[in-house]
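Report on the following structure.
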Amino acid sequence: MKSDLKNIYNSLGISDEVAEFGEKTLESLKERFEKIDEIAEINQLKVLAALQKNQVSEACLHGTSGYGYNDMGREKLEAVYADIFHTEDALVRPQITCGTHALALALMSNLRPGDELLSPVGKPYDTLEEVIGIRPSKGSLAEYGVTYKQVDFLPDGGFDWDGIKAAVNEKTKLVTIQRSKGYQTRHTLSVSEIGELISFIKNIKSDVICMVDNCYGEFVETIEPSDVGADMCVGSLIKNPGGGLAPIGGYIAGKKSCVENAAYRLTSPGLGKEVGASLGILQSFYQGLFLSPTVTACALKSAIFGANIYEKLGFSVLPNSTEDRHDIIQAITFGRADAVEAFCRGIQAAAPIDSHVTPIPWDMPGYDAPVIMAAGAFVSGSSIELSADGPIKPPYAVYFQGGLTWPHGKFGILKSLQSLVDNGIVLW
Ligand SMILES: *Cc1c(COP(=O)(O)O)cnc(C)c1O
């Protein structure tokens, strides 16, 4: 390692040992990183081609106010998303407040009383439990007479084909497929696995709507779930596709009829996509989307670097150091509470914002144990930015994700390791 770089790391609290361990670990990752750069290159060109095809102009970056009729920038942005996802239409709005909202919107607008929703991939993301009504909740789908069925993965992690076949019935209207493992221990689905699942389901019932929760998955591969039969792809703009610049927002890309339903629910029957002022937000949406392929690549490199560092040190990591990636989340199981806390303190200390604050575990609504969160982000709660959190309960795992740039992600991992060393948890 070059001594001037080492000096800089030293001045930021990284010891020679930690810095050198990092460099050594990196040596084995060159080929992996090249593959990630190739994917980013393809996705960068895909985004660029969509911007050019739609003739996005400077005027598109400015916003409308009031009703937002004829908002050219908003309409073109939605056309750009539809081109990237190869879908008939898209809804991309700052009025969609987060990922949960985008998913709830897609579900509530496409389901009617008496319909049934099926998850063939086990329990959905925590916040979706209340949307569906798995946990009783005001305004849930259950309150509107939409029933829910779930088929879990088999013990070996595979799809329960027989169980899925048995679960599809005349009421089944919509199938929800979560791509990312989220904060569970199952594996993240590849786009091709999602394609297999969708064709299996459509073979049983061809008119069922297949929706994919695409959170954390965008631009990790060169194709998206809509390329393999998904009727809707849904996600958050403060994750991958916002590129770190979008300060709010969500998207639904899919079949015209599905997107139309969502638009009539988001605004009003009769108004649909025609209203919704973009105010001054469109430049951040366009520019964030433009940066998203390379930002996602940086987050992936950071996750892989972290997996390799901590696997080498004997901790269990998911995904492991060598397996293919289908989202940007990295789990590390430490087996002890003080390690989870030390790790998060290290990530926080590496942040561009609030690096001087100390995260501590806290009781949070909806969780059954105290949770510690490290986040020093430009956009509050943005998890495409370097961030980590862990519930303080066995198996004492921490989940980390993001990193807008690779040097920052690398520094965050080194800081987390330094914190574990300084607290006597990692012994050389
Ligand atoms: C983040 C996430 C959500 C919910 O998004 P929020 O923006 O936090 O509401 C849903 N599903 C998955 C898989 C996620 O990762």
Side-chain angles (χ1 to χ4, degrees), residues 40 43-44 46-48 50-51 54 56 58 60-65 68 71-85 87 90-106 127 179-180 213-220 224 233-253 259 262-263 266 273 276-300 327-329 351-353 375-387 401-405 408-409:
N43 285 326
Q44 180 72 80
K46 178 158 72 170
V47 171
L48 183 64
L51 292 167
N54 288 284
V56 174
E58 194 184 343
C60 297
L61 307 178
H62 304 307
T64 52
S65 62
D71 187 320
M72 180 176 71
R74 180 191 72 210
E75 286 167 9
K76 286 210 176 182
L77 180 69
E78 292 179 334
V80 167
Y81 263 74
D83 281 337
I84 290 168
F85 284 90
T87 53
L91 189 65
V92 187
R93 302 283 169 125
Q95 289 86 4
I96 302 176
T97 54
C98 62
T100 303
H101 186 189
L103 289 157
L105 180 61
T127 55
R179 176 172 176 180
S180 169
D213 174 351
N214 209 23
C215 283
Y216 289 130
E218 298 91 353
F219 300 128
V220 173
E224 298 293 338
C233 280
V234 183
S236 162
L237 299 196
I238 65 166
K239 293 178 179 173
N240 307 15
L245 293 185
I248 191 170
Y251 76 90
I252 299 171
V259 173
L266 176 66
K273 290 183 80 182
S278 57
L279 307 175
I281 214 161
L282 287 174
Q283 186 191 337
S284 69
F285 281 17
Y286 277 111
Q287 199 173 356
L289 177 65
F290 179 71
L291 292 178
S292 175
T294 51
V295 167
T296 300
C298 291
L300 273 175
D327 68 7
I328 63 168
I329 299 181
I353 307 292
F378 295 103
V379 171
S380 180
S382 166
S383 46
I384 186 63
E385 300 187 50
L386 191 67
S387 49
Q401 63 271 315
L404 294 182
T405 71
H408 183 234

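What you see below is based on every heavy atom in this structure, not just the backbone, and it leaves out hydrogens, waters and symmetry mates.
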If you round to the nearest 0.5 Å, how far is OG1 of T296 from CG of L291? 10.0 Å
CG (L282) and CG (D71) are apart, to the nearest 0.5 Å, by 5.5 Å
Value rounded to 0.5 Å, distance of CD1 in I84 from CG in L48: 10.0 Å
With the side chain counted from C-beta on, respond yes when R179 and E224 share a heavy-atom pair under 4.5 Å apart, and no when they do not. yes
Who are the side chain to side chain contact (heavy atoms under 4.5 Å, CB included) partners of A277, not counting sequence neighbours? T64, L279
Validation row: P241, Y81 side chains within 4.5 angstrom (heavy atoms): yes
Sequence-distant partners of T127, side chain to side chain donor-acceptor pair (under 3.5 Å), two or more places apart: T100
Would a 4.5 Å heavy-atom cut-off, applied to side chains only, mark P352 and H408 as touching? yes
To check you understand the geometry: which heavy-atom pair defines the closest contact between L237 and V92, and what is its length? CD1-CG1, 4.1 Å
Hey, are the side chains of V220 and N240 touching, using non-hydrogen atoms and a 4.5 Å cut-off? yes
Any carboxylate oxygen within less than 4.0 angstrom of a Lys/Arg side-chain nitrogen, looking at K273 and E75? no
Residues H101, Q95; criterion side chain to side chain contact (heavy atoms under 4.5 Å, CB included); working and verdict: CA-CA 9 Å; H101 186 189; Q95 289 86 4; over 6 Å; no
Starting from the C-alpha separation in whole Å, work towards a yes-or-no answer on side chain to side chain contact (heavy atoms under 4.5 Å, CB included) for L105 and V234. CA-CA 10 Å; L105 180 61; V234 183; over 6 Å; no
Within-4.5 Å side-chain heavy-atom neighbours: V259 and T87: no
Flag side-chain contact, heavy atom, 4.5 Å: F219 against V295: no
Output for pair (Q283 CD, F290 CZ), nearest 0.5 Å, gives 12.5 Å
Looking only at heavy atoms, what is the nearest atom pair of I248 and P94, with distance? CD1-O, 3.7 Å
I'd like to check the side chain to side chain contact (heavy atoms under 4.5 Å, CB included) partners of C60; sequence neighbours left out, ordered by chain and number. V56, S57, M72, K76, Y286
Taking all non-hydrogen atoms of both residues into account, name the closest pair between R74 and G68 and its distance. NH1-O, 2.9 Å
Mind checking the OG1-CD1 spacing from T97 to I238? Nearest 0.5 Å is all I need. 9.5 Å
Would you indicate whether the side-chain heavy atoms of Y251 and C233 approach each other to under 4.5 Å? yes
Please report the interatomic distance CG(L300) to CG(D327), rounded to the nearest 0.5 Å. 8.5 Å
For a side-chain hydrogen bond (donor to acceptor under 3.5 Å, both in side chains) with Q401, tell me which candidate from S383, S180, S387 qualifies. S387
For the student: nearest non-hydrogen atoms of A246 and V379, plus distance: O-CG2, 4.0 Å
Is any side-chain heavy atom of Q44 closer than 4.5 Å to a side-chain heavy atom of T294? yes
Looking only at heavy atoms, what is the nearest atom pair of A299 and I384, with distance? CB-CD1, 4.3 Å
Any idea which heavy atoms bring F285 and G249 closest together, and the distance? CZ-CA, 4.4 Å
